[in-house]
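Notes to accompany the following structure.
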Amino acid sequence: VNTQPSIGVRADARPTLTWRDRLDAWRWRHRHRVVAYTILTPMLIYFVLFTWVPIVVLAYFSLNEYNVVQWPPDFVGLKNYIQIFTDPYYHNVARVTVTIAGITLVMNMVIGMAVALLLNEKIKGRGIFRTIWYMPVVISGAVMAQTLAIFLYPSSSGVFNSLLGLIGQAPVIWTQSTFWMPVWVILFSVWRGVGGVVIFFLAGLQSIDPILYEAARVDGANRRQSFLNVTLPQMAPITLFVFVTQCVGALQIWEAPLVLTFGGPDNSTRTMVYSLYSDAFGNLTMGLATAQSVVLLIVLMGLSAFNLRVFRVKY
Amino acid sequence: MRRSIWINLAIYPILIVSSVVILYPLAFMLLATFTSEAQYYRTSFFPIPDFFDFRNYVPILIDCTQGCIYQSMLTTSLREIWYLLWMLVVSTLGGYVFARLSFPGKNALFLFFLSGLMVPPILTMLPVYIMMARWPLVGDNDIFGQGGHGFVNSWPALFMLGMVDVLALFLIKQNYEMIPADYEEAALVDGAGTFTIITRVYLPMLRPALTAMSLLVFIGIWNDYLGPLIYVGGNKDITPIALAVQRLIYQYTQRQASTLADFPLIFGATTLMSLPPVIVYFALQRYIVQGLVGVGIKG
């Protein structure tokens with residue numbers, strides 16, 4: 001009996017073949033889908049269970065009042081959403097989230113682009129600077145936020161206060177200032193996030209075809225003109241991509257608010273992700289927390305969907 | 001093209017000043033571990049070391065008077081191995097399937113996995129927590145998921161989430177597509193099976209991209225704080241490194257709130273926690289641009 005699978009196509013035309021041959025032939029003809037479905041089925045089940053089932057669960061609990069323990073949860077319809085959209089407390093959360101995210105985003109983009117342009121010049125020590133700029137990204141945000149908390153110590157032994165002392169200023173009680181804490185949250189997020197932006201922009205700058213610059217030079221363009229007419233238009237797509245990605249990231253800031261002041265003082269750093277965390281595990285109001293998650297999820301998925309759609313080529 | 005004098009003049013001052021700002025907290029952290037308490041308070045905005053031994057690391061590494069960091073490092077290392085393995089398996093197999101095979105429903109399935117990139121894990125944290133807490137027949141739960149704690153505060157909670165890394169899957173798939181199919185055809189002619197083809201033919205060529213993804217996974221797991229805090233935060237015996245260091249800092253600062261805390265010891269802990277990712281990053285940084293950004297953005 002010929003068990004070579006390569007007889008494939010003509011196999012089932014011959015009645016003398018055993019079931020074993022038929023099976024082999026079938027497997028050979030469908031080898032792609034056999035392999036594909038074998039590999040993908042467990043992955044798919046896992047993916048659905050831990051990515052899409054949670055979203056359904058999320059949507060369900062946002063229509064309920066639930067304190068994690070009592071069962072069944074109380075169905076309250078849209079009450080949680082109404083509270084989120086009408087309660088001034090949650091208006092404040094939204095305002096804080098958008099303000100902190102917006103300023104962080106702008107600073108990340110501007111500084112990131114500027115530094116990437118500088119690092120794209122052929123200068124000595126470029127590699128070292130690049131290494132330095134990316135370093136905050138690899139270190140734990142929670143730990144660095146804790147370090148910042150130590151720097152912000154109110155007494156004169158706090159780092160920033162002793163720096164103030166150097167220029168003859170009185171110590172500031174940072175953690176009680178509704179002006180300074182959002183500022184520190186923003187500065188912390190920029191410090192931590194800008195390295196990633198630099199890396200993306202650098203990759204973009206380095207993938208611009210040198211021929212374009214050459215052509216500009218031949219046409220008599222000076223440095224400024226070739227920057228305006230070659231670099232900027234070539235960088236437009238990646239800038240949009242980084243902008244949207246950073247937007248998604250900036251709307252999820254939670255480390256510094258949690259570690260520094262637990263959203264305080266006076267809720268001035270209560271960002272949405274921190275707010276839903278504290279609603280869920282501090283106040284045990286799972287319904288409100290999940291409703292906030294749903295609102296934020298819709299915004300973020302919209303942004304990411306835009307990104308995936310526009311940059312479809314990439315994937 | 002000639003650089004203008006302005007740029008030449010500005011470039012180094014700007015780069016150096018900004019690098020100082022970036023490095024300041026890190027240098028502070030490291031130097032503070034080589035100071036005594038008294039010296040630390042004397043030079044509070046930039047600690048000047050007064051000895052160069054590791055006495056500030058001893059309490060957390062060897063004495064374990066305030067809790068030990070060993071077990072946490074071991075716990076986190078186990079997670080690292082586990083998640084690195086799954087990332088490698090899932091992305092090489094899945095990437096192969098989507099890049100090299102043709103089967104009905106391929107595009108739809110691919111887009112479906114792609115949708116995973118749109119869902120920030122931090123926002124599915126609450127429902128996943130509820131699911132794990134109410135998992136039937138686990139951790140004293142009855143068949144309806146009531147009465148016990150489910151997976152929450154137990155070991156599986158640290159290992160059961162995020163095993164399918166969608167981002168890695170896509171980047172590796174992208175890398176597969178850049179490899180000419182000739183290699184695979186040659187191996188097929190020689191009678192190699194799918195598994196042999198993936199491990200012997202493709203794996204060596206995917207090494208840069210896989211290294212880049214491993215770096216990301218390593219750093220992500222090492223620094224993972226919110227996940228452990230929520231899923232095992234109530235169990236004092238299970239403390240991944242980020243959680244352990246955070247608790248240590250908390251103990252040191254909160255308990256001694258009346259007096260001043262022993263900051264050099266605290267910075268010893270944070271330095272220890274920061275070292276592994278920094279070392280791995282230094283060793284593998286060239287792959288970041290090469291294997292990751294290069295593939296993700298071009299094209």
Side-chain angles (χ1 to χ4, degrees), chain A residues 32-33 35-36 39-40 43 46-47 50-51 54-55 57-58 61 68 71 115 118 121 123 129 131-133 135-136 138-144 146-147 150 157 159 162-163 191 199-200 203-204 207 217 223 226 238 248 252 273 280 286 289-290 293 296-297 300-301 304-305 308 313-315, chain B residues 1 3-4 11 14-15 18-19 22-23 25-26 29 41 44-45 90 93-94 97 101-104 109 113-114 116-120 122-124 126-128 130-131 146 161 163-164 170 194 219 223 225 242 245-246 249 260 263 270 273-274 277-278 281 285 288-289 293-294 296-299:
Chain A
H32 276 201
R33 60 186 79 172
V35 172
I39 291 173
L40 288 185
M43 273 171 62
Y46 183 89
F47 175 75
F50 285 105
T51 302
I55 289 180
V57 174
L58 185 71
F61 278 100
V68 190
W71 193 266
V115 170
L118 287 183
E121 297 290 330
I123 54 165
F129 287 121
T131 306
I132 290 174
W133 273 90
M135 246 165 80
V138 307
I139 296 179
S140 157
V143 160
M144 287 324 292
Q146 195 69 55
T147 307
I150 294 171
S157 74
V159 169
S162 66
L163 282 173
W191 179 81
I199 290 289
F200 270 105
S207 65
R217 201 183 58 82
R223 214 184 144 75
S226 80
I238 193 173
V248 171
Q252 296 180 55
V273 171
M286 213 36 117
T290 45
S293 302
L296 193 54
L297 190 67
L300 297 187
M301 282 180 74
S304 300
L308 286 181
V313 222
K314 261 172 60 263
Y315 297 110
Chain B
M1 230 168 293
R3 220 183 281 155
S4 80
I11 201 163
I14 292 178
L15 283 180
S18 59
S19 301
I22 296 263
L23 286 182
L26 307 177
M29 202 165 86
Y41 282 114
S44 49
F45 67 89
V90 166
L93 292 184
V97 167
L101 302 181
S102 55
F103 53 92
L109 269 174
F113 275 108
L114 195 78
L117 284 181
M118 306 194 319
V119 183
I122 212 165
L123 291 183
T124 52
L126 298 181
V128 168
I130 298 175
M131 280 166 65
Q146 299 304 304
L161 302 172
M163 283 153 63
V164 172
F170 289 125
T194 306
I219 289 170
N223 294 335
Y225 170 61
V245 169
Q246 207 71 23
I249 296 170
L260 287 166
F263 287 122
T270 57
M273 152 129 203
S274 308
V278 169
Y281 163 63
Q285 59 166 318
I288 290 190
V289 178
V293 184
I297 290 306
K298 279 181 211 162

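Only this structure's heavy atoms are used, side chains among them; waters, hydrogens and symmetry mates stay out. Nothing here was measured: the structure is a model prediction, and the numbers come from that model. Every chain is numbered from 1, with letters handed out A, B, ... down the list of sequences.
Heavy atoms closer than 4.5 Å to chain A are found in the side chain of B:I219, but not in its backbone. Only the side chain of A:V273 comes within contact range of chain B, with at least one heavy atom under 4.5 Å from a heavy atom of that chain. For A:L297, the parts sitting under 4.5 Å from any heavy atom of chain B are the backbone and the side chain alike.
Considering CD1 of A:I123 and CD1 of B:I11, their distance stands at 4.5 Å, rounded to 0.5 Å. Separating the CG atom in B:L26 from the CD1 atom in A:I139 is a distance of 4.5 Å, to the nearest 0.5 Å. Atom OG1 of A:T131 and atom CD of B:Q285 lie 3.5 Å apart (nearest 0.5 Å). For the atom pair CZ of B:F113 and CG of A:L40, the computed distance is 5.5 Å after rounding to the nearest 0.5 Å. Atom OG1 of residue A:T290 and atom CD1 of residue B:I130 lie 6.5 Å apart, to the nearest 0.5 angstrom. Atom CG in A:L118 sits 5.5 Å away from atom CD1 in B:I14 (nearest 0.5 Å).
Interface remark: of the candidates A:V138, A:V57, A:I55, A:V138 forms the most heavy-atom pairs closer than 4.5 Å to chain B. Here A:A142 is the residue among A:G141, A:P136, A:A142 with the most heavy-atom pairs under 4.5 Å with chain B. Most heavy-atom pairs under 4.5 Å with chain B: of the set A:T147, A:I150, A:V143, this distinction falls to A:I150. Of the residues considered (B:L161, B:V128, B:V245), B:L161 shows the highest number of contacts with chain A, using heavy-atom pairs under 4.5 Å. When each of B:V278, B:L15, B:T194 is scored by its heavy-atom pairs under 4.5 Å with chain A, the top score falls to B:L15. Contact count versus chain A (heavy atoms, under 4.5 Å) is highest, among B:V119, B:L109, B:T270, for B:V119. Of the listed residues (B:N223, B:L23, B:V97, B:I122), the one with the most heavy-atom contacts under 4.5 Å to chain A is B:N223.
The heavy-atom pair separating B:M118 from A:M301 by the smallest distance is O-CG, 3.3 Å. Contact record, A:T51 with B:G116: CG2-CA, 4.4 Å, taken as the closest heavy-atom pair. Residues B:L101 and A:A36 come closest through the heavy atom pair CD1-N, 3.9 Å. Considering all non-hydrogen atoms of both residues, A:P54 and B:P127 come closest at O-CB, 3.1 Å. When all heavy atoms of A:H32 and B:S102 are compared, the closest pair comes out as ND1-N, 3.0 Å.
With hydrogens and angles disregarded, no donor-acceptor distance shorter than 3.5 Å links the side chain of A:Y46 to the backbone of B:V164. Using modelled atom types, one side-chain atom of A:W191 and one backbone atom of B:I22 make a donor-acceptor pair closer than 3.5 Å.
In this structure, A:L58 and B:T124 have side chains that are not in contact, with every pair of non-hydrogen atoms separated by 4.5 Å or more.
Looking at residues two or more places apart in sequence or on another chain, you find no ring-ring contact (aromatic ring centres under 6.0 Å, His included) involving A:F129.
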